[in-house]
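Below is one structure, written out as structure tokens, with a few remarks after it.
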Amino acid sequence: QVQLVESGGGLVQAGDSLRLSCAASGRTFSIVTMGWFRQAPGKEREFVSGIDWIGTNTYYVDSLKGRFTISRDNAKNTVYLQMNSLKPEDTAVYYCAAARALGTVRAERGYDYWGQGTQVTVSS
């Protein structure tokens with residue numbers, strides 16, 4: 001089992017930045033890919049970004065590329081999501097996820113473990 005704990009969410013104004021963190025514990029050696037998803041009120045959960053645990057591959061939804069940056073620190077078993085120039089439409093609960101096998105990085109079905117989520121609210 002892998003446990004994931006997100007942190008770093010909060011209430012910010014449009015144009016501000018936030019950095020989300022996701023700390024993994026447990027059988028972290030089984031992780032192949034980590035991802036960030038978000039779910040806005042009344043909407044389905046959607047893919048935001050992903051990163052391979054080994055190597056340099058990163059993945060983004062096209063609409064967020066350039067504003068959001070994913071990174072990782074393997075020594076700390078932590079993945080980060082740097083979010084810049086935040087907009088009210090970025091308001092959502094942000095979830096961290098971990099996959100045990102290479103698969104569909106951009107879909108929920110590709111992930112085996114999920115965190116509880118952290119709320120990000122962007123005011124206009």
Side-chain angles (χ1 to χ4, degrees):
Q1 290 290 327
V2 173
Q3 294 77 43
L4 303 173
V5 178
E6 303 97 335
S7 62
L11 172 62
V12 297
Q13 294 186 333
D16 286 350
S17 299
L18 275 178
R19 189 178 78 158
L20 305 183
S21 300
C22 174
S25 61
R27 299 171 66 89
T28 57
F29 60 85
S30 67
I31 297 174
V32 174
T33 301
M34 298 282 289
W36 286 98
F37 288 74
R38 69 183 183 183
Q39 187 168 20
K43 296 186 178 181
E44 294 188 351
R45 191 155 55 183
E46 64 176 357
F47 172 76
V48 172
S49 183
I51 186 168
D52 288 346
W53 202 239
I54 302 296
T56 60
N57 288 340
T58 57
Y59 313 89
Y60 295 94
V61 63
D62 287 344
S63 60
L64 297 176
K65 197 178 299 183
R67 288 199 299 124
F68 288 16
T69 303
I70 193 169
S71 62
R72 68 172 194 265
D73 184 335
N74 292 75
K76 295 182 179 180
N77 290 326
T78 299
V79 172
Y80 305 98
L81 185 68
Q82 178 67 42
M83 306 185 294
N84 298 329
S85 302
L86 284 163
K87 304 176 181 180
E89 51 263 43
D90 295 319
T91 295
V93 177
Y94 284 71
Y95 296 91
C96 175
R100 295 179 299 179
L102 290 175
T104 307
V105 175
R106 301 173 186 274
E108 292 185 53
R109 66 179 182 275
Y111 295 85
D112 304 286
Y113 306 105
W114 292 83
Q116 293 299 307
T118 185
Q119 176 71 48
V120 172
T121 303
V122 184
S123 64
S124 57

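Worth knowing before you read on, the calculation uses all heavy atoms, side chains too, and leaves out hydrogens, waters and symmetry mates. Computed from a predicted model, the values in this text were never measured in an experiment. Counting begins at 1 with the first residue of the sequence.
- In this structure, Arg106 contributes its side chain and Phe47 its backbone to no donor-acceptor pair below 3.5 Å.
- Asp16 places no side-chain N or O within donor-acceptor distance of the main-chain N or O of Leu86, the cut-off being under 3.5 Å.
- Looking only at side-chain heavy atoms (C-beta outward), Leu64 and Glu46 stay at 4.5 Å or farther from each other.
- Taking every heavy atom of both residues into account, Gly110 and Ala99 meet most closely at O-CB, 3.1 Å.
- Among pairs with a residue in residues 110-124, those fulfilling salt bridge (Lys or Arg N to Asp or Glu O under 4.0 Å) read Arg100-Asp112, at least two apart in sequence or across chains.
- The two atoms that bring Ser17 and Gln82 nearest to each other are CB-NE2, 3.8 Å, heavy atoms only.
- Counting heavy atoms from C-beta outward, Trp114 and Arg45 have side chains that approach closer than 4.5 Å.
- Without hydrogens or angle criteria, Arg72 side chain to Asp52 main chain gives a donor-acceptor distance under 3.5 Å.
- Proximity of Ile51 to Tyr80: side-chain heavy atoms (C-beta onward) are nowhere separated by under 4.5 Å.
- Using a 4.0 Å cut-off between a side-chain N of Lys or Arg and a carboxylate O of Asp or Glu, Lys87 and Asp90 do not qualify as a salt bridge.
- Across all non-hydrogen atoms, the minimal contact from Pro88 to Ser124 is CG-CB, 3.9 Å.
- Panel note: side chain Thr91, backbone Val122; a donor-acceptor pair is recorded below 3.5 Å.
- Expressed to the nearest 0.5 Å, how far CZ of Arg19 lies from CE of Met83 amounts to 11.5 Å.
- Close placement of the Tyr111 and Phe37 rings is indicated, their centers lying within 6.0 Å of each other.
- Within the 4.5 Å cutoff, side-chain heavy atoms of Leu20 are placed close to those of Val120.
- At a threshold of 4.5 Å between non-hydrogen side-chain atoms, the residues Trp53 and Val32 do not count as touching.
- A heavy-atom distance below 4.5 Å is not found between the side chains of Trp36 and Phe68.
- With Glu6 contributing its side chain and Gly117 its backbone, the two residues share a donor-acceptor pair below 3.5 Å.
- The shortest non-hydrogen separation linking Lys43 to Gln39 is O-NE2, 3.1 Å.
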